[in-house]
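Because the structure is predicted, anything quoted here is derived from the model rather than measured. Labels below follow one simple rule: chain letters A, B, ... track the order of the sequence lines, proteins then strands, and each chain is numbered from 1.
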Amino acid sequence: MRDITGGPEMGREYVPSEIEKKWQDIWESRGVFKAVEDPSRPKFYALVEFPYPSGDGLHVGHPRSYTAMDIIARKRRMEGYSVLFPIGWDAFGLPTENYAMKHKIHPRVVTQRNVDRFRKQLKSLGYSFDWSREVNTSDPAYYRWTQWIFLKFFEKGLAYKAEMPINWCTSCKIGLANEEVVGGRCERCGGEVIRKVKSQWMLKITDYAQKLLDDLEPLDYIDKVKVQQRNWIGRSEGAEIDFPVVGTDKKITVFTTRPDTLFGATYMVLSPEHPLIDDCKALITNWDEVEEYRKEAMKKSDFERAEVAKEKTGVPLSGLRAINPATNREIPIWISDYVLMTYGTGAIMAVPGHDQRDWEFARKFGLPIVEVVKGGDIQKEAYTDIETGVMVNSEFLNGLRPVEAIEKMIEWLEEKGVGRRAVNYKLRDWVFSRQRYWGEPIPLIHCEKCGWVPVPEDQLPVLLPDLEDYVPSGTEESPLARLADWVNTQCPKCGGPAKRETDTMPNWAGSSWYFLRYTDPHNDREFASMEKMKYWLPVDWYNGGMEHVTLHLLYSRFWHKFLYDQGLVPTPEPYQKRTAHGVILGEDGEKMSKSRGNVVNPDELVREFGADAFRVYEMFIGAFDQAVPWSQQGLKGCRRFLERVWKLMDILDGTPTYSPEFEAAMHRTIKKVSLDYERMKFNTAVAAMMSLVNDFHARGRITRGELRSLLLILNPVAPHITEEMWEMAGFEGHIWEQSWPTWDEAKTIEEMVEIPVQIDGKNRATVTVPRSAFEGDVRDAALQEERVQRHLKGREIIKEVYVPGKVYSIVTAESRAPETRN
RNA sequence: GCGAGGGUGUCGGAACUGGUAGACGAGCUGGACUUAGGAUCCAGUGCCGCAAGGCGUAGGGGUUCAAAUCCCCUCCCUCGCACCA
């Protein structure tokens with residue numbers, strides 16, 4: 001087996017464990033991947049979502065994103081960019097707190113342990129992170145600035161405390177943001193979510209709804225992400241219309257996207273929480289019934305309330321009537337839980353003829369249905385089309401199409417002063433407090449005299465005090481509330497006795513600005529210096545999961561825009577480009593989870609197959625943006641591939657250039673791999689390199705020139721083996737110091753091409769001709785083929801098509817015969 | 001229901017602006033080398049057929065010399081939102 005005629009390295013075995021540690025140590029000790037602000041070079045900021053260091057350690061899903069961006073980062077360095085590719089820890093959060101409670105270990109200790117494990121695991125995979133810039137959101141030196149930014153929101157009036165019904169997770173015992181409620185359940189623990197009125201800190205993200213929407217347009221985000229953000233923001237255009245309440249000086253304002261149908265509004269519906277109900281209690285003659293309905297509605301979870309299929313319920317507010325400002329007729333007012341307090345004004349004008357929900361409600365309670373848009377059959381269902389219908393029963397709107405009538409009605413409303421053009425968003429303000437221990441304390445102090453007072457900047461951070469017991473109090477307050485020494489303090493303004501806020505921030509706080517801190521992670525005077533941010537921002541390429549599109553991605557864009565408006569960051573958007581990877585499923589095709597017992601541990605795999613094989617497989621497993629099941633066999637195949645790469649050393653010859661017969665293949669592969677990396681088509685890039693390696697073995701020879709380029713393009717995926725082989729082969733320096741190989745477009749084209757010959761649309765033969773061959777020559781070659789002659793026998797050629805370099809197509813009269821016969 | 005993306009061998013998946021469907025990997029079959037092999041190497045592998053040939057990209061129709069790719073209809077799957085007025 002061993003060929004003693006070769007060099008001294010001939011026949012050496014591929015042992016990943018020997019070479020991987022070696023190169024990781026070299027990279028680290030020489031600071032190879034340290035990011036430097038070098039004004040003479042273009043910069044590139046590559047970002048992956050920093051992990052939550054859970055107790056389970058790294059999951060095979062994490063490396064999918066990290067390997068992908070590591071490939072991009074390594075390629076960029078070779079292309080001459082100054083690259084920032086950082087990593088850190090999103091370290092505050094519930095699972096750690098829950099684990100700490102269960103095992104009676106302080107969350108800080110648990111976090112430290114988990115972070116150490118994650119760091120070790122990530123290092124074993126050989127990522128080119130700049131480890132000197134590691135951040136940890138639970139580090140006081142970090143959350144000092146999270147608190148500082150929060151105070152900026154507070155100063156500008158964008159952080160406010162409000163009594164409002166919130167989503168309350170009965171299991172975590174905390175309030176949740178809307179974004180954290182999935183299908184009526186807690187996104188984190190799956191517990192039931194109910195509505196609860198609580199005083200909560202809120203961040204006014206709605207002030208930025210329009211900017212968040214508009215500025216999305218020019219960004220290089222994958223379409224799916226843009227669409228989801230747009231849907232979540234949920235802008236809709238229409239009008240607000242005021243309906244006077246008979247016998248009072250009050251009016252009910254509604255938001256509608258269909259002001260054109262105002263003449264068809266035959267009743268109104270208020271949300272059960274609508275404040276007008278209490279305001280008009282004296283006039284309501286069926287109060288008991290109303291009260292009863294409201295109680296029932298409050299008891300229901302949002303999930304129950306939102307069940308679409310369920311039948312509509314409601315009660316009238318007897319004694320209360322409103323006036324339709326268009327018809328001047330009195331119409332009844334009802335309450336129903338299909339109207340949400342949290343959208344629009346919490347009240348609607350019901351147009352049963354042209355809104356399906358109103359139609360169902362009207363049908364059930366025998367309310368009048370008036371047709372104001374002709375075109376459907378409102379006996380059967382509401383007619384909602386606005387393109388084709390024609391306005392009727394609507395005085396000055398009659399004859400118009402609804403789209404025109406909408407405009408005309410808005411003009412009319414504004415003229416009469418009973419309504420106005422309006423825009424509404426589904427996006428709600430962000431519930432920002434959590435009644436938990438393991439999070440950033442909200443740096444505010446409540447003073448009887450001065451109200452809410454911010455902790456002075458020079459006293460930040462407000463340290464999270466050590467606690468023996470972090471069990472939620474059950475009083476729906478944070479465990480911090482039990483620490484009297486900590487809670488009771490002095491008002492920074494008047495010096496009088498005051499109390500600290502005991503709620504903490506959600507774990508989306510720290511992650512809303514971590515990418516800023518990476519640019520200047522050790523700064524103790526600012527969250528990051530403007531100079532450093534100006535060099536690095538915006539993030540050039542951010543990859544992460546689809547699950548964070550409506551949460552983290554939107555929140556961090558909001559924070560960034562706010563900071564930009566305060567002149568604190570240099571760019572209006574944080575991320576120039578956003579891509580998303582698909583999830584990795586268990587071998588059974590199910591979502592990986594401990595309960596299913598299908599979780600794959602990367603540590604063992606790295607030990608058995610090596611980090612390089614693991615990385616190659618993570619990229620080869622399937623299309624990057626799709627969900628794919630893990631396969632141990634597939635990983636083995638990638639290890640075999642690296643073995644075959646390694647064995648190229650045995651067939652290496654000294655020629656410094658490409659051999660003529662491989663020149664086109666080399667240029668083509670460099671081109672394909674280069675472009676595929678950029679398009680995140682890592683699976684086909686790997687496949688192309690596998691093919692090339694197979695071809696070298698088939699030939700039994702590879703030149704030094706060929707090996708050199710192959711190692712360079714394979715390096716971003718498999719950095720250890722390629723550095724080792726580079727050294728073994730005695731190439732100059734190290735791969736990380738090399739330039740990315742180039743290709744010559746002209747040389748990617750093979751001189752000779754195989755042209756399929758089709759007769760009546762079927763392939764009958766192939767001919768090999770020079771790419772530049774004339775049509776006549778190709779024809780001659782084609783007609784000489786035995787199979788072609790056989791199929792043309794007794795047939796009349798009526799058409800011939802030659803697509804140069806692609807196909808020669810012959811059509812005979814007989815191909816048309818079956819049709820003419822009929 | 002609305003929005004987005006998909007249905008290709010036994011499996012993961014390839015296929016440029018329409019141009020030899022199934023690259024690459026896995027699995028499987030046969031062979032070689034071996035004390036052995038769950039290592040390695042070689043050959044084969046969409047389906048039917050001895051072959052010639054025929055059939056094949058969810059199903060049906062259409063455009064075209066030529067369709068996985070373009071158009072129409074139907075079915076199915078995944079993801080997101082879900083009484084948003």
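Taking atom P in both B:rA14 and B:rA23, the straight-line distance is 13 Å, to the nearest Å. With both ends at atom C1', the span from B:rG9 to B:rG62 equals 28 Å, rounded to whole Å. Annotation: B:rA68 and B:rG22 have their P atoms spaced 12 Å apart (nearest Å). Separation of the P atoms belonging to B:rG7 and B:rU17 is 15 Å when rounded to the nearest angstrom. With both ends at atom P, the span from B:rU10 to B:rG5 equals 29 Å, rounded to whole Å. B:rA66 sits 49 Å from B:rC84 when the C1' atoms are compared, rounded to a whole Å. A distance of about 27 Å separates the C1' atoms of B:rA51 and B:rU57, rounded to the whole Å. Here, B:rU45 and B:rC24 have their C1' atoms 15 Å apart, quoted to the whole Å.
Counting any heavy atom pair closer than 4.0 Å across all strands shown, A:A623 reaches sugar-phosphate atoms only and no base atom. Using a 4.0 Å heavy-atom cutoff across all strands shown, A:S236 reaches sugar-phosphate atoms only and no base atom. Heavy atoms of A:K681 sit under 4.0 angstrom from primed sugar atoms or phosphate atoms, though from no base atom. Looking at heavy-atom distances under 4.0 Å, A:A350 makes no contact with the nucleic acid at all. Nucleic acid contact class of A:Q228 (heavy atoms, under 4.0 Å, all strands): sugar-phosphate only. If you check every strand for non-hydrogen atoms under 4.0 Å, A:I348 touches a base. Here A:T256 lies in heavy-atom contact (under 4.0 Å) with sugar-phosphate atoms only. Within the nucleic acid shown, A:N694 comes within 4.0 Å of sugar-phosphate atoms alone, with no base atom in reach, counting heavy atoms only. Across all strands, A:E643 comes closer than 4.0 Å to no nucleic acid atom at all (heavy-atom distances). Among the protein residues, A:K426 comes within range of the nucleic acid bases, having at least one heavy atom under 4.0 Å from a base atom.
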Do A:M666 and A:W743 pass the side chain to side chain contact (heavy atoms under 4.5 Å, CB included) test, and can you show the C-alpha distance, the side-chain angles, and the key distance before you say yes or no? CA-CA 8 Å; A:M666 288 308 300; A:W743 72 90; over 6 Å; no

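Atom CZ in A:R428 sits roughly 12 Å away from atom C1' in B:rA85 (whole-Å rounding). One can place CZ of A:R235 at 19 Å from P of B:rG3, the figure rounded to the nearest angstrom. Following rounding to the nearest Å, A:D355 (CG) and B:rC83 (C1') show an atom-to-atom distance of 9 Å. In this structure, A:F682 atom CZ and B:rG13 atom C1' are separated by 16 Å, rounded to whole Å. Rounded to whole angstrom, the span from the CG atom of A:L692 across to the C1' atom of B:rC24 amounts to 13 Å. Following rounding to the nearest Å, A:D625 (CG) and B:rU78 (C1') show an atom-to-atom distance of 13 Å. In this structure, A:N231 places its CG atom 13 Å from P of B:rG80, rounding to the nearest Å. Atoms NZ (A:K636) and C1' (B:rC24) sit 19 Å apart, rounded to a whole Å.
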Encode nucleotides 41-55 of chain B as B, S and - characters from 5' to 3', where the letter depends on protein heavy atoms closer than 4.0 Å: B to the base, S only to sugar-phosphate, - to neither. -----------SSSS

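Under 4.0 Å is where a charged nitrogen must lie from a carboxylate oxygen, and between A:E49 and A:R578 at least one such pair does.
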Please convert RNA chain B into dot-bracket. A pair counts if it is Watson-Crick or G-U wobble with both distances under 3.5 Å; crossing pairs go in [ ] and bases paired with another strand get |. (((((((..(((......[....)))((((((.......))))))(((....)))..(((((..]....))))))))))))....

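Between A:F624 and A:F682, the gap from one ring centroid to the other is short of 6.0 Å. Separation of the A:F365 and A:Y267 ring centroids does not fall under the 6.0 Å cut-off.
Side chains of A:Q210 and A:R235: a donor on one and an acceptor on the other come within 3.5 Å. Residues A:Y293 and A:T313 have side chains that bring a donor and an acceptor to within less than 3.5 angstrom of each other. At a cut-off of 3.5 Å, with distance as the only test, a side-chain donor of A:N694 or A:R644 sits close to an acceptor on the other residue. Side-chain contact, A:Y338 with A:E360: no donor N or O sits under 3.5 Å from an acceptor N or O.
For the pair A:K799 (side chain) and A:I810 (backbone), a donor-acceptor distance under 3.5 Å is absent.
If you find the closest nucleotide of RNA chain B to A:Q758 and to A:F620, the one lying nearer the 5' end belongs to A:Q758. Heavy-atom nearest nucleotides on RNA chain B were determined for A:V628 and for A:I810, and the one closer to the 5' end corresponds to A:V628.
The environment of NZ in A:K364 is crowded: more than 12 heavy-atom neighbours from other residues, nucleotides or ligands sit within 6.0 Å. Within 6.0 Å of atom NZ in A:K251, 12 or fewer heavy atoms from other residues, nucleotides or ligands are found, so the atom counts as exposed in its surroundings.
Under 4.0 angstrom from either OP1 or OP2 of B:rA23 there lies no side-chain N or O belonging to A:N683. One finds no side-chain N or O of A:K224 lying less than 4.0 angstrom from the OP1 or OP2 phosphate oxygen of B:rA4. OP1 or OP2 of B:rG19 has not a single side-chain nitrogen or oxygen of A:N763 nearer than 4.0 Å.
Shown for residues 801-808 of chain A: residues whose heavy atoms fall under 4.0 angstrom of RNA chain B, namely A:V801, A:V803, A:K806, A:V807.
For A:K312 and B:rC83, a side-chain-to-base donor-acceptor distance below 3.5 Å is present, hydrogens and geometry of angles not being considered.
Applying the 90° cutoff around 0 to the glycosidic angle, B:rG9 is assigned syn.
Ring-plane geometry between A:Y808 and A:Y802 is classed as tilted, the angle between the planes lying from 30 to 60 degrees on a 0 to 90 degree scale.
Sorted by first then second residue, the salt bridge (charged side-chain N to carboxylate O under 4.0 Å, His left out) pairs that include residues 800-811 of chain A, not counting sequence neighbours, are A:R779-A:E800. Every pair passing side-chain hydrogen bond (donor to acceptor under 3.5 Å, both in side chains) that includes a residue from residues 628-640 of chain A is listed here, sequence neighbours excluded: A:R639-A:E643.
Residues satisfying the salt bridge (charged side-chain N to carboxylate O under 4.0 Å, His left out) test with A:K224, not counting sequence neighbours, are none.
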